[in-house]
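Everything quoted here is computed from the prediction, not taken from an experiment.
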Number of protein chains: 2
Amino acid sequence: MLHNKMNQAGDKKFILRLSKYKRVLQQFKALGMERVFSNNLGDAIDVTPTTVRKDFAELNIPGSKRGGYVIDEVLKRVNELLEQDKPKKLIVVGCGKIGTALLMYKGFEQDGLMAVAGFDIDPKKIDPNATIPIFPLEELKTFVKKNNIKVGIISVPAESASRVLDLMIEAGIRGVLNFAPVELKYTKRFIAKNDHTAGCIIHNMHISPELINLFFLVKKQEE
Amino acid sequence: MLHNKMNQAGDKKFILRLSKYKRVLQQFKALGMERVFSNNLGDAIDVTPTTVRKDFAELNIPGSKRGGYVIDEVLKRVNELLEQDKPKKLIVVGCGKIGTALLMYKGFEQDGLMAVAGFDIDPKKIDPNATIPIFPLEELKTFVKKNNIKVGIISVPAESASRVLDLMIEAGIRGVLNFAPVELKYTKRFIAKNDHTAGCIIHNMHISPELINLFFLVKKQEE
DNA sequence: AATATTTTGTGAAATGTTACACAATAAAAT
DNA sequence: ATTTTATTGTGTAACATTTCACAAAATATT
Ligand SMILES: NC(=O)c1ccc[n+]([C@@H]2O[C@H](COP(=O)([O-])OP(=O)(O)OC[C@H]3O[C@@H](n4cnc5c(N)ncnc54)[C@H](O)[C@@H]3O)[C@@H](O)[C@H]2O)c1
Ligand SMILES: NC(=O)c1ccc[n+]([C@@H]2O[C@H](COP(=O)([O-])OP(=O)(O)OC[C@H]3O[C@@H](n4cnc5c(N)ncnc54)[C@H](O)[C@@H]3O)[C@@H](O)[C@H]2O)c1
């Protein structure tokens, strides 16, 4: 289906761009547009037009030499690849400030995402009857297996993150977005005996380093 | 000071790694360690030992051939470069769910960061007497100039993001971390007449695309 | 119908990043 | 003292990604 781009890591950046194209194209479409040029799109997601064309070539999306790309065609192909049609169910472990913000985030829907449950160890946080229920951590495994959840967010304090990750993987989670300020990664340590567990992909979302980076760059630009 | 690494963009990834080294080294130090090896550090922040050594070479941090690197020396040099000593003051514009989580985030302190004020247009959010005060948006410019703030977070709805960015830049903000699901970027449009405004560096933190990416990778791994 | 213009599509070059491989050497062991 | 071992430091290679440059083709203009 996809050739060279799809290497070991699955080419994170490429997929990231696809989901950005998608969002922008939906907006363009809502504005009544039917076609786009690589430079419009490039401007919108901040890459060069060549990158856009290369990406589309990768996806076998044909453009016409002076009419650009048909938005619907691109969206169709992108959705196909991202399987954006079915809602992508995810859970949130650690329903504190940032966990709750994510759990309740209205914007997920537009991106085909759906937070279906939260988990916490603090009894005060538990609320199984809320629109998006919050369960005690003990029920994680059952819930994940029963509902066939594959992706989850970690928003617990740093010191619990690694332990929570183990639990999640054991429960069957295969993709994790981590907000705790530790570099989580998948290791096989805990599946010594019964190794039918597949790997788990972990992406770390670190906010402080991003800010520190900004301060650095700003400083540098000033000098 | 730094040579080749410091190209146009200031090498985002390199600086990102530095702030991760810092965090990990602080932890190691707290554990009583005095020295580290490139492979320990590499494991901790998930890069190869070679990358660590190359980074340290870049910073002129000497290691000893069998004793590794002295943690204090590394920290000193890293802090020097990041100017990590003085607290980095930032503001948050848009004090909704995610904005408030950030504004109140305790963890910033450990990273030398300090959220000093929030801004919002909703009168209900305003609270100038809180520990971390929230002011009406109109006061942004005065506050930023008076307190010499250079970095800010955008956590307003997507449709306001671009407008808010303009305001922030006009006020004097030079670095922005954007959580709204639009690809913000610096353009000169609004400084047509009076062009003493320096540029503004904008980093976009997009959560949905990261999750979509995870779903994609998980799916791909399963097949 | 002829010409000019715009935009795609892509090979090749440039750039940037990470990893390999190994000599140099400091520390430890014998 | 000598040998072994572990680890840094780095030139080079491998890989990945982005950009350049331009031919090809579709549309627009004259
Ligand atoms: N708040 C922010 O803006 C922000 C920014 C960057 C990073 N982070 C990181 O995100 C994480 C959460 O931050 P927060 O501000 O929401 O903290 P918080 O204290 O508000 O929330 C943490 C939640 O996790 C729960 N919890 C603790 N241990 C748990 C466990 N083992 N299993 C399940 N739940 C558990 C707690 O009961 C609490 O509800 C932290 O690691 C923090 O460093 C937060
Ligand atoms: N909540 C999440 O987990 C999450 C996740 C990803 C992205 N985001 C994005 O972050 C942004 C904020 O999300 P949220 O969930 O906190 O929304 P929210 O509605 O809770 O908060 C938005 C806040 O911005 C304020 N605001 C609106 N216009 C403003 C303006 N012009 N100037 C100043 N303040 C203004 C509102 O009064 C409100 O307090 C949105 O763009 C959202 O898409 C949120």
C:dT5 base / A:R66 side chain donor-acceptor hit below 3.5 Å: yes
For atom CD1 of A:I15 and atom P of D:dA16, their distance in whole Å: 15 Å
Residue B:E34 excluded, over 12 heavy atoms near CD under 6.0 Å: no
Check: C:dG16 base within 3.5 Å donor-acceptor of B:K13 side chain: no
Separation of C:dT17 P from B:I45 CD1 (nearest whole Å): 15 Å
Given DNA chain D, 5'-ward residue of the pair B:S64 and A:T50, judged by closest heavy atom: B:S64
Nearest-Å distance for atom pair CG/P, residues A:D55 and C:dT10: 13 Å
Heavy-atom closest contact (B:H206 atom, B:N204 atom, distance): NE2-CB, 3.4 Å
Distance test, side-chain N/O of B:T51 to OP1/OP2 of C:dA19, below 4.0 Å: yes
Nucleotide D:dT8, atom P - distance to CD of B:E58 in whole Å: 18 Å
Salt-bridge present (A:R77, A:E80; N to O < 4.0 Å): yes
Salt bridge present between A:D72 and A:K29 (N-O < 4.0 angstrom): yes
Side chain of A:K65 - closest among D:dA24, C:dA21, D:dA21: D:dA24
Reported CG-to-CD1 distance for the pair B:L41 and B:I71, which is rounded to 0.5 angstrom: 7.5 Å
A:G67 vs B:Y69, nearer the 5' end of DNA chain D by closest nucleotide: B:Y69
Phosphate contact (D:dG9 OP1 or OP2) by B:R53 side-chain N/O below 4.0 Å: no
Whole-Å gap separating P (D:dG9) and CD1 (B:I61): 10 Å
Nucleotide nearest B:P62 when distance is taken to its side chain, options D:dG9, C:dG11, C:dG9: D:dG9
Euclidean distance, atom CZ of residue B:F37 to atom P of C:dA27 [Å, nearest integer]: 11 Å
Toward the 5' end of DNA chain C, by each residue's nearest nucleotide, B:R35 or B:T48: B:T48
Rounded interatomic separation in angstrom, taking CZ from A:F56 and P from C:dG9: 10 Å
Sugar-phosphate only, base, or nothing, as touched by A:P49 at under 4.0 Å among non-hydrogen atoms: nothing
